[in-house]
**Student:** 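Sharing a structure here in structure tokens format.
Numbers here are sequence positions counted from 1. Computed from a prediction, not measured in an experiment: that's the story for all the values here.
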Amino acid sequence: MTLRKLIILAVAAPALALIPVAANAANVTTHDAAHDVVSGGQEDDTINVPEPLRREGDVLSLRVNHRANVVRVTMFEDQLTRVRKGDMAFHVFALRTNEGKRADVSLLTQKGKWQGKADFFSGRTTKCRGLRSNVDYAKNSVQVTIPRRCLSNPRWGEVGGGTGVLTEGEAGRIYADDANLDAKVEDDIAFGPRVRRG
């Protein structure tokens, strides 16, 4: 599923109020360049206008912890704030397993719904019992914990993440950052290195 499609799904859901290193272990952290948020109009085909002064939504790192029973992914941002009325913050995570299976988790937060609700997508599957998420505004982090059974218990996985803010109004813009790409976002989330089960 593409980053743009994940954004559209997150926004359309009315019920919802990294420098890579080789990985042979259960933990991998990748780092993303600071000050590399880009923006685009809500109707634009590309999101590519540099926004070097924007701190909100600027991803700094993505930490993956592949445990025996769960995969825990934590995305750290320069500044994570509660959005204003009418705006939405979205956080998306993508996982690809050694079997070639793909899973995506999206989390949308809005005014008054500061923790949001995590949505799971994998092929035709939209359920993942035990999926948990946490938005920690004090630590500027967003975390999802995905049971390995929802991913068919993979030996290893590659993980990517991205975040952004959608502002309201006719002049509204999308401000976005990919955890594994410096100063750009693409149609799909970029994957980090393999993280083997610990």
Side-chain angles (χ1 to χ4, degrees), residues 1-18 30-62 73-96 102-121 126 133-137 140-144 159-192:
M1 187 173 295
T2 68
L3 177 58
R4 184 168 290 278
K5 285 181 182 175
L6 282 171
I7 292 168
I8 290 168
L9 281 171
V11 170
L16 294 178
L18 310 165
T30 56
H31 298 276
D32 184 48
H35 312 292
D36 68 333
V37 173
V38 291
S39 74
Q42 293 183 35
E43 303 299 324
D44 293 351
D45 291 333
T46 57
I47 301 172
N48 60 8
V49 177
E51 300 285 351
L53 299 180
R54 187 172 179 91
R55 294 182 59 208
E56 186 176 6
D58 187 9
V59 179
L60 301 178
S61 66
L62 187 72
V73 185
T74 308
M75 189 160 49
F76 293 93
E77 302 180 17
D78 185 21
Q79 182 176 321
L80 184 62
T81 58
R82 290 172 170 84
V83 294
R84 298 175 306 182
K85 183 177 180 180
D87 293 352
M88 293 176 271
F90 54 88
H91 310 278
V92 292
F93 302 88
L95 299 94
R96 184 169 56 200
R102 166 91 181 238
D104 297 284
V105 177
S106 67
L107 177 68
L108 178 93
T109 61
Q110 299 173 276
K111 182 175 175 63
K113 298 179 181 179
W114 308 121
Q115 286 299 314
K117 177 183 175 292
D119 284 319
F120 180 82
F121 310 94
T126 58
S133 63
N134 181 55
V135 182
D136 190 327
Y137 293 94
N140 295 312
S141 67
V142 179
Q143 184 176 88
V144 294
V159 182
T163 193
V165 175
L166 176 64
T167 59
E168 71 170 341
E170 290 181 18
R173 295 188 71 74
I174 297 172
Y175 297 88
D177 191 14
D178 188 302
N180 289 312
L181 293 175
D182 291 345
K184 66 179 179 177
V185 295
E186 296 180 344
D187 284 341
D188 199 3
I189 291 174
F191 288 97

**Student:** Which pair of heavy atoms, one from Ser61 and one from His31, lies closest together, and at what distance?
**Tutor:**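 Closest heavy-atom pair between Ser61 and His31: CB-ND1, 3.7 Å.
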
**Student:** Do Ile174 and Phe90 come close enough that some side-chain heavy atom pair is under 4.5 Å?
**Tutor:**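 A side-chain contact exists here, since the closest heavy-atom pair is under 4.5 Å.
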
**Student:** Nearest 0.5 Å please: distance from the OH atom of Tyr137 over to the CD atom of Glu77.
**Tutor:**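 CD of Glu77 is found 9.5 Å from OH of Tyr137.
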
**Student:** Side chains of Leu166 and Gln42: closer than 4.5 Å at any heavy-atom pair?
**Tutor:**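 Yes, their side chains come closer than 4.5 Å.
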
**Student:** Return yes if some donor-acceptor pair links the side-chain N/O of Asp177 with the main-chain N/O of Asp58 below 3.5 Å, else return no.
**Tutor:**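 The answer is no, because no donor-acceptor pair under 3.5 Å joins these two groups.
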
**Student:** Any idea which heavy atoms bring Asp32 and Leu181 closest together, and the distance?
**Tutor:**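 So the two residues come closest at OD1-O, 2.8 Å.
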
**Student:** Taking all non-hydrogen atoms of both residues into account, name the closest pair between Arg54 and Val165 and its distance.
**Tutor:**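 Closest approach of Arg54 to Val165, heavy atoms only: NH2-CB, 3.7 Å.
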
**Student:** Please tell me if the side chains of Lys184 and Asn48 come closer than 4.5 Å, counting only heavy atoms from C-beta onward.
**Tutor:**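 SC-SC contact between Lys184 and Asn48 ruled out.
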
**Student:** Salt bridge (Lys or Arg N to Asp or Glu O under 4.0 Å) with Asp78: which residues, sequence neighbours excluded?
**Tutor:**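 Testing Asp78 for salt bridge (Lys or Arg N to Asp or Glu O under 4.0 Å), a comparison that skips the adjacent residues, returns Arg55.
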
**Student:** Can you tell me how far CG of Asp36 sits from CG of Leu60, rounded to the nearest 0.5 angstrom?
**Tutor:**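 The CG atom of Leu60 sits 8.5 Å away from the CG atom of Asp36.
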
**Student:** So, using salt bridge (Lys or Arg N to Asp or Glu O under 4.0 Å) as the criterion, who are the partners of Glu51 when residues are at least two apart?
**Tutor:**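 Expected list: none.
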
**Student:** For Ala179 and Met75, work out which heavy atoms get closest and say how close.
**Tutor:**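 Smallest heavy-atom distance, with atoms named: CB-SD, 4.4 Å.
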
**Student:** CZ/Arg173 to CD1/Ile47 distance, rounded to the nearest 0.5 angstrom?
**Tutor:**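 One gets 9.5 Å once the value is rounded to the nearest 0.5 Å.
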
**Student:** Hey, could you give me the CD/CG distance between Gln143 and Asp136, rounded to the nearest 0.5 Å?
**Tutor:**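 Rounded to the nearest 0.5 Å, the CD-CG separation comes out at 9.0 Å.
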
**Student:** CG of Leu108 to NZ of Lys117: how many Å apart, nearest 0.5 Å?
**Tutor:**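 Reported value, rounded in 0.5 Å steps: 11.0 Å.
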
**Student:** Locate the shortest heavy-atom distance separating Leu62 from Phe93; write the atom from each residue and the value.
**Tutor:**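 The answer is CD1-CE2, 4.2 Å.
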
**Student:** Less than 3.5 Å apart, any donor N or O on the side chain of Thr163 or His91 sitting next to an acceptor on the other?
**Tutor:**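 Checked: Thr163/His91 side chains pair up, N/O donor to acceptor below 3.5 Å.
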
**Student:** Hey, does the side chain of Asp178 reach the backbone of Ile189 with a donor-acceptor pair shorter than 3.5 angstrom?
**Tutor:**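 No: the side chain of Asp178 does not pair with the backbone of Ile189.
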
**Student:** Compare every heavy atom of Ala33 with every heavy atom of Asp182, then report the nearest pair and how far apart it is.
**Tutor:**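 Taking Asp182 first and Ala33 second, the nearest heavy atoms are OD1-N, 3.1 Å.
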
**Student:** Keeping Asn140 on the side-chain end and Leu80 on the backbone end, is there a donor-acceptor pair under 3.5 Å?
**Tutor:**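 Present.
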
**Student:** A quick test of your reading: do over 12 heavy atoms of other residues, nucleotides or ligands sit less than 6.0 Å from CZ of Arg82?
**Tutor:**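 It does: Arg82 CZ has more than 12 such atoms within range.
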
